[in-house]
2 protein chains.
Amino acid sequence: MAMAYIKALSLPTSKMAAKHDHNIAIIGSGIIGRNWTMVFASGGCNVNIFDSDENQIQSALVAVKETLEQYEKDGILKGSDSAADQIARIRGCSTVKDCVSDATFVMECVPERLHIKRSVLSQIDLYVKDDDVIMASSSSSIFPSVLSEGMQHKRQIIVTHPLNPPYFLPFVEVVPAPWTDKDITERVCQILTNVGMTPAVLKKETKGFLICRVQHAITAECFKLVRDGVVTPGDIDKLMPDGLGRRYAFLGALEASYLNANGMKDFCERYGDNIYELQQDFGPPVKLEGAPLEIIEADIGKRIPLDQIQEKRDWRDKRLAELDKFINKTKK
Amino acid sequence: MAMAYIKALSLPTSKMAAKHDHNIAIIGSGIIGRNWTMVFASGGCNVNIFDSDENQIQSALVAVKETLEQYEKDGILKGSDSAADQIARIRGCSTVKDCVSDATFVMECVPERLHIKRSVLSQIDLYVKDDDVIMASSSSSIFPSVLSEGMQHKRQIIVTHPLNPPYFLPFVEVVPAPWTDKDITERVCQILTNVGMTPAVLKKETKGFLICRVQHAITAECFKLVRDGVVTPGDIDKLMPDGLGRRYAFLGALEASYLNANGMKDFCERYGDNIYELQQDFGPPVKLEGAPLEIIEADIGKRIPLDQIQEKRDWRDKRLAELDKFINKTKK
């Protein structure tokens, strides 16, 4: 039954010429895999999906189809083609070999555990045909050098870590291993840009990459302020949506400071000493546990009860979709 | 000439009943003073403005009038009254005494230097009539206990620090001194909420308050990533507008993590160890100077030349206005 559906969906694909002439192989059909599938399909690529659990492929194909049709109804579908045309480019595959053998770009999206990722990447390593096939991992934290050690095609490895959901958040951090071909990095950025994403390249492997470093500098500081009884979680959570977050919705973190003075040098002349002192006041690293964690959980739980968390996530994604549309409309 | 204009504007005011029955005194008519004026006028308050430079009051009154009329044309005027009605509530004053004598809420907005602020606050201290008049300072960093030391009405002091521009960024951090009356804190929050702002209360005086602590945890981390050659300023500045900033436009920093797992406890169980390690990897405080600063200045300078910085600020404020309208429209 599952295979029948996979076949049915696969039929039209072979008759279509892909717009960007890219065959994408998505390995892992969870939330990130499904999102990448929709992103690449919106950009005119052919997309194969594989999952070790065959039922999971089936449900991913159904979910992707329904989601794209819903987005089309809601006016938030990406790309210039109809949902039907985009869906027709997507095919489920029952083996890694079948999924990757014609691919020019393989995207691994399996769970964030080293042994799982390495095992899947080894299989991909076996079956990719050419020395220029991109072998990307959606890992949020594992170094590409660790993922690819000992692999035959290790010069083709790269990390492309998106935010969730990538369909409405274009930023992707791109992390090559020390041995990754320059050409691979450039082509990854080009292809991601072509399908509407915004790549940013890390020139060195660095713990937490860019996203987690910035995000968790914020998380840690907020946690400390709750621990020290300075401000309630509820009041902390007003800062972004009613303040800083609105600026950051269309300004970079450095640009925002640059505009708050006459450039960054002027900004640092005015506030540099204070910011240095402030960092000293941040104190040592904090463990995210204990009483402050209980306070945060209880406080947010009043606004977002755990049994309504999925509804709030859906609300978030709907807002992100609207915001994306708004930002694209008001650009420049 | 200046005084003539001030008088002309003052006439209609006395004939109007203020909606919220609040008389606001704004001391200092720079950007923040003008913005506070517009915020309170939009909320139905009567607003007196004073500046030690009489020409400055004159130009502030003209600028506020023109700005409100422009906002009305652009459909981004706040409040339920016409621009003309709001303008009629605003009056220029030539002495601190005249400005504050009938005020229920005084907002000091003079430059961020201790001796200037203390000198102005001492004058206000002299002229406020009652023991329940709110004496607020827009200081971004000076503790209210330091501002008010030795003052007669020191139990009425409070810091109300907004983001720039407050007219389109509702967040305000409210910082009482240890000796501030509880009633003052509560009334400040109530009045700010009534005029459309979002107050967040600090329960202790803390270096950098909330805004600068979170903002500069980000600034410092971005600076270090440039210093260490990990990522270019241009790529760093993609992270917020195409990624994290979009989430933060309608989610708090803690809420965002809560939703990325099944609550904050689950989030910390999954990622807490990594976030603790990451903080250790942040290393010691960084001075915002030297080669990385040159790199940042040059990189942003290519996108925003210093001689076009005001245009970019206007663009920012226009986008903030549009975003504010969008957020209010899509709320809930």
Side-chain angles (χ1 to χ4, degrees), chain A residues 163 169-171 198 200 202-204 206-208 210 213-214 216-222 230-231 233 235 237-243 245-246 248-250 252-255 257-259 263-265 268 272 275-276 278-281 285 287-288 293 296-297 300 306 313 319 322-323 326 330, chain B residues 163 169-171 198 200 202 204 206-208 210 213-214 216-222 229-231 233 235 237-243 245-246 248-250 252-255 257-259 263-265 268 272 275-276 278-281 285 287-288 293 296-297 300 306 313 319 322-323 326 330:
Chain A
L163 285 157
L169 287 173
F171 186 84
T198 304
L202 271 74
K203 292 180 280 183
K204 290 176 188 174
T206 303
K207 198 176 270 190
L210 174 58
R213 288 185 86 89
V214 171
H216 298 318
I218 302 169
T219 310
E221 184 47 30
C222 293
V230 175
V231 55
D235 273 355
D237 272 349
K238 293 172 183 169
L239 173 61
M240 286 298 184
D242 282 353
R246 295 195 187 188
Y248 291 144
F250 52 87
L254 293 168
E255 278 169 358
S257 296
Y258 185 97
L259 289 182
M264 198 67 187
K265 283 168 90 163
C268 292
I275 297 173
Y276 185 67
L278 208 52
Q279 291 172 73
Q280 293 174 310
D281 202 56
K287 286 196 177 170
L288 306 187
L293 179 54
I296 294 170
E297 185 81 355
I300 305 182
L306 283 177
R313 287 195 197 112
R319 301 294 306 266
E322 287 163 352
L323 188 60
F326 168 79
T330 56
Chain B
L163 284 158
L169 286 173
F171 185 85
T198 305
L202 271 74
K204 291 177 188 173
T206 303
K207 197 175 272 188
L210 173 58
R213 288 186 86 89
V214 171
H216 298 319
I218 301 170
T219 310
E221 183 49 28
C222 292
V230 175
V231 54
D235 273 354
D237 272 350
K238 294 172 183 168
L239 173 61
M240 285 298 185
D242 282 352
R246 297 194 186 187
Y248 291 145
F250 53 87
L254 293 169
E255 279 168 358
S257 297
Y258 186 96
L259 289 183
M264 197 67 185
K265 284 168 90 165
C268 291
I275 296 173
Y276 185 67
L278 208 50
Q279 291 174 71
Q280 294 173 311
D281 201 56
K287 286 195 174 168
L288 306 187
L293 179 54
I296 293 169
E297 185 81 355
I300 305 182
L306 283 177
R313 286 195 196 112
R319 301 293 306 268
E322 288 164 353
L323 188 59
F326 168 80
T330 55

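Throughout, protein chains are lettered first and strands after them, A, B, ... in sequence-line order, and every chain is numbered starting at 1. Only heavy atoms go into these numbers, but all of them, side chains included; no hydrogens, no water, no symmetry mates.
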So, D242(A) side chain and L169(B) main chain: donor-acceptor pair closer than 3.5 Å or not? no

Residues that F326(B) engages under ring pair (Phe, Tyr, Trp, His ring centres under 6.0 Å), provided they are two or more places apart: F326(A)

Please find the pair of heavy atoms, one from C222(A) and one from A253(B), that lie closest to each other, and give the distance. SG-CB, 4.1 Å

Walk me through it: do I218(B) and E221(A) pass the test side-chain contact (heavy atoms from CB on, under 4.5 Å)? CA-CA 10 Å; I218(B) 301 170; E221(A) 184 47 30; over 6 Å; no

If I take atom OH from residue Y276(B) and atom NZ from residue K287(A), how far apart are they, to the nearest 0.5 angstrom? 5.0 Å

Chain A shares the most heavy-atom pairs under 4.5 Å, among K204(B), E255(B), E322(B), K238(B), with E255(B)

Quick check for you: among L323(B), D281(B), I296(B), L254(B), which has the greatest number of heavy-atom pairs under 4.5 Å with chain A? L254(B)

Quick check: does any side chain N or O of R313(B) sit under 3.5 Å from a backbone N or O of L259(A), one acting as donor and the other as acceptor? yes

List in chain and number order the residues that pass ring pair (Phe, Tyr, Trp, His ring centres under 6.0 Å) with F250(B), two or more places apart in sequence or in another chain; answer none if no residue qualifies. W315(A)

With chain A, which of S257(B), G229(B), P233(B) has the greatest number of heavy-atom pairs at distances under 4.5 Å? G229(B)

Given the options L210(A), T198(A), V214(A), V230(A), which has more heavy-atom pairs under 4.5 Å with chain B than any of the others? V230(A)

Please find the pair of heavy atoms, one from P285(A) and one from Q279(B), that lie closest to each other, and give the distance. CA-OE1, 3.2 Å

To check you understand the geometry: which heavy-atom pair defines the closest contact between G263(A) and E297(B), and what is its length? C-OE1, 3.7 Å

So which heavy atom on Y258(A) is nearest to which on L306(B), and how close? OH-CD2, 3.6 Å

Looking only at heavy atoms and a cut-off of under 4.5 Å, which of L288(B), T219(B), L239(B) has the most pairs with chain A? L239(B)

Taking all non-hydrogen atoms of both residues, which atom of A249(A) and which atom of A249(B) are closest, and how far apart? CB-CB, 4.0 Å

Among T206(B), V231(B), L293(B), residue most engaged with chain A (heavy-atom pairs, under 4.5 Å): L293(B)

